[in-house]
Each structure stands twice: as C-alpha cells, then as structure tokens.
Enquirer: 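The structure follows.
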Amino acid sequence: MTNHTKVLIIGAGPAGYTAAIYAARANLHPIQLLGPQPGGQLTITTDVENYPGFKDVIQGPWLMDQMNAQAAHVGTDMRFESVETVDFSKRPFVVTTDTPTTYTADTVIIATGAQAKWLGLDSELHFRGYGVSGCATCDGFFFKDKKVAVIGGGNSAVEEAIYLTNHCAHVTLIHRRDHLRAEKIAQDRLFKNPKISVLWDTVVEEFTGNDQPVRSLTGLKLKNLKTQEVINQPFDGAFVAIGHTPMSTPFKDQLKCDHEGYILTTPGSTATSIPGVFAAGDVQDKIFRQAVTAAGQGCMAALEAEKLLNH
C-alpha cells in the first residue's frame, strides 16, 4: 500500500507533535509516524517543572499525551509505524516502514530525537526518575542543597557538573580514567570550582537506595579500577552524563550529519542538506536538548515546510 502526503512527520516527541499541530492547522493534512516510543524521552521523565504554562509540577508522560491529543484533534493522521528506509534522492520522497506500507511525501520533517546513553545497570533503571537522571538542566532544581554525583568525563559531564553547582551543595564527578576528555577551558572551570571534587579511575557498580516509604536513591557502590577497592558513598542524586545518541540511523547515508550522527541544519533554520527535508529537536540539537526548544524547532519545521509547499 502507498500513501501520499504533503507533509510526512517522522517521530513523536515535543518536536514531532508541535510540527504536526502547525502542519494540520495549515490544512496540510500531515501523516505522522509515531515510531517505537511515542513521546520520546519525556515518557521516562517523571517531574517536569520547566515547561512553560504550568505553575505546578507536571508529569512527562502526561505532557506527551496532551500533545498527542492536541495534534490528533486538529487533524493529524497518526500511524503506529517505524521507519525502515528512506529515499530522498527523488521527488516525491519515499519512506518505507515496518508494515507493508510505503509513503511518498512532498516534504519530510524528521523529529526522531535522541537517546541518552546509560551505564546499563539494573539498579540504574530501577532508580531512574527516583534520584537517577540523564539531564541536569531538567532535574537539577530538585536537588537544591543536596550532594550529587555526575558520571562521565566528556564535555557533557563537565558542563552538567558545573551547572549543578548552581543548585547543589556539592558535586562529585566520577570518571573511569585518570584524565578528562572535555575541552581544556571547561576542565579549568571545573577544577577551580570549590563545590566540585573528582573521583578518578572509578566506576559505578550499583545504584543503592530505598523502595519504602518511597523509592529513592541514597548512594552509589563505587569501585576503584587501580586499587580494586569498593566503597559505598552516600549521594542524594546521580546524573549519568556519558553522552547521547541521535536517532538518525535511517537518514545518515542521505543527509549531511556530524561525526556523532546529529543531522546538520542551516543556521537559524531546520532545513537539511536536501531541500524539502527538515530536522527538528534532539536529532539535530545536541546543545540544548530541552522539550521547549524541541517544540520551537518543530514549529519552525512546519512553517518552513508550508512556505516551501506554497512556493
């Protein structure tokens, strides 16, 4: 079966849903492929306190449900399908999914997002959202005057550790090596900050905590790789900052991407290297990675697609 649409939206996080809302309201009758995890990273985020319009803390899954309902209400045709292959070499563009369906589209908006890299420990998953986080900007406020750990040694880890000193009493950076991979200027800022200490040659073996009366992280089981010493150290929170992976695999061979796989867009635009294909949200943004910026880029992509179609 083949379906044709003026606007095909791939992905269903804040960027994808916002693009769908704007495209539908412009009477472009968009089709949206929701993918394997509609709602993206916000579906595993509990408390959201920095999305404009809500004075009280809201839940990430609820916010995504509301965006989904709004996009459907204004006329978005949503399909529970995942992209397998794309062909942007000809017009209309051709996209195949994991069902016996092929889509042709005059324009395509890619909003597949990114996934935070995790350590892969069972205890990490158990306490994710209950003291373990992958985003200091999102969750740092909840650890005001607390002691937290940041795991990692690259730019993301150093930047998150420095940011957390705005809220936390003390930040401990935990790194498996004896030197950091972050840029020198960022390292200098880290080492000069009196609220940050570093544990070198150390890995996390387990995230520890309580399940009653409420699930909460209380500390980390740490192992020194040189001495093999294992210690239990108390922490109120832990931020895993070992990087993100953009969900750009189906598009890498046809669109220009950076060395990490993020889709490259024109500055001040969501336009990619192929006219008519746009990218919004975390699949192209490795700097801000916020729901509100992703939503803004989704709006931009829909407006740019509409402008191109009108011409």
Side-chain angles (χ1 to χ4, degrees), residues 11-16 35-51 59-61 63-64 82 110-143 148-164 167-168 171-176 180-182 186 203-204 206-207 209 215 217 220 235 237-249 252 257-263 279-295 297:
Q37 187 183 2
Q41 294 185 72
L42 276 182
T43 60
I44 57 172
T45 302
T46 51
D47 293 345
V48 176
E49 199 174 34
N50 56 4
Y51 197 86
Q59 300 299 299
L63 179 60
M64 290 298 92
S82 298
I110 300 168
T112 46
Q115 287 185 339
K117 295 178 182 178
W118 298 96
L119 300 177
L121 301 172
D122 290 341
S123 56
E124 175 187 51
L125 179 60
H126 184 72
F127 289 107
R128 196 181 300 173
Y130 299 91
V132 175
S133 171
C135 179
T137 309
C138 311
D139 299 327
F141 178 81
F142 299 113
F143 297 92
V148 302
V150 174
I151 299 117
N155 283 328
S156 294
V158 169
E159 289 167 5
E160 298 229 326
I162 294 170
Y163 171 81
L164 285 166
H167 302 290
C168 305
V171 179
T172 301
L173 184 71
I174 299 170
H175 187 39
R176 60 168 40 250
L180 299 175
R181 293 177 287 108
V203 295
V204 178
E206 186 179 0
F207 295 82
R215 190 184 307 181
L217 182 83
L220 301 177
F235 290 104
F239 292 83
V240 180
I242 56 177
H244 287 74
T245 302
M247 306 301 286
S248 60
T249 301
K252 282 182 179 179
C257 300
D258 70 8
H259 69 283
E260 295 176 274
Y262 288 90
I263 297 174
D282 289 10
V283 74
Q284 62 90 29
D285 172 23
K286 60 182 178 182
I287 298 175
F288 300 106
R289 297 198 299 264
Q290 299 299 301
V292 67
T293 52
Q297 291 161 6

Enquirer: Can you find a heavy atom in the side chain of N50 that is under 4.5 Å from one in the side chain of V292?
Expert: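 No. Closest side-chain heavy atoms not under 4.5 Å.
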Enquirer: Verify the neighbour count for atom CZ of F141: are there more than 12 heavy atoms of other residues, nucleotides or ligands below 6.0 Å?
Expert: no
Enquirer: Given 3.5 Å as the limit, does a donor-acceptor pair link the side chain of S123 with the main chain of E206, or not?
Expert: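 Looks like no, no N/O pair under 3.5 Å.
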Enquirer: Name all residues meeting the salt bridge (Lys or Arg N to Asp or Glu O under 4.0 Å) criterion together with E49; count only those two or more places apart in sequence or in a different chain, and write none if there are none.
Expert: none
Enquirer: Minimum heavy-atom separation for V158 to A186, with atom names?
Expert: CG1-O, 3.5 Å
Enquirer: Between R215 (side chain) and H126 (backbone), is there a donor-acceptor pair under 3.5 Å?
Expert: yes
Enquirer: Quick one: list whatever passes side-chain hydrogen bond (donor to acceptor under 3.5 Å, both in side chains) with Y163, sequence neighbours left out.
Expert: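 Scan of Y163 (side-chain hydrogen bond (donor to acceptor under 3.5 Å, both in side chains), adjacent residues dropped) gives H167.
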Enquirer: With sequence neighbours left out, write down each residue that passes side-chain hydrogen bond (donor to acceptor under 3.5 Å, both in side chains) with S156, or none if nothing qualifies.
Expert: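 Partners of S156 under the side-chain hydrogen bond (donor to acceptor under 3.5 Å, both in side chains) test: none.
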Enquirer: For residues L121 and F207, determine if any side-chain heavy atom of one lies less than 4.5 Å from a side-chain heavy atom of the other.
Expert: yes
Enquirer: Side chain of E260, backbone of D258: donor and acceptor closer than 3.5 Å?
Expert: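 It does not hold such a pair.
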Enquirer: If you apply the rule side chain to side chain contact (heavy atoms under 4.5 Å, CB included), what do you find for V240 with V204, and how did you get there?
Expert: CA-CA 10 Å; V240 180; V204 178; over 6 Å; no
Enquirer: Should V171 and F239 be marked as a side chain to side chain contact (heavy atoms under 4.5 Å, CB included) after you check the CA-CA gap, both sets of side-chain angles, and the distance that decides it?
Expert: CA-CA 10 Å; V171 179; F239 292 83; over 6 Å; no
Enquirer: Using the disulfide (SG to SG under 2.5 Å) criterion, which residues pair with C257? Sequence neighbours excluded.
Expert: none
Enquirer: Going from CD1 on I174 to CZ on F235, what distance comes out if it is rounded to the nearest 0.5 angstrom?
Expert: 4.5 Å
Enquirer: Hey, could you give me the CD1/NE2 distance between I242 and H175, rounded to the nearest 0.5 Å?
Expert: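 Reported to 0.5 Å precision, the distance equals 11.5 Å.
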Enquirer: Holding to ring-ring contact (aromatic ring centres under 6.0 Å, His included), I want the full list of residues that pass it with Y262, two or more places apart in sequence or in another chain.
Expert: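 Listed in chain order: nothing, the list is empty.
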Enquirer: Give the minimum heavy-atom separation between I151 and A238, together with the two atoms involved.
Expert: CD1-CB, 4.3 Å
Enquirer: Is the shortest side-chain heavy-atom distance between T137 and Q290 below 4.5 Å?
Expert: yes
Enquirer: Test of understanding: with side chain to side chain contact (heavy atoms under 4.5 Å, CB included), list the residues that count as partners of Q284, not counting sequence neighbours.
Expert: I263, T265, A279, Q297
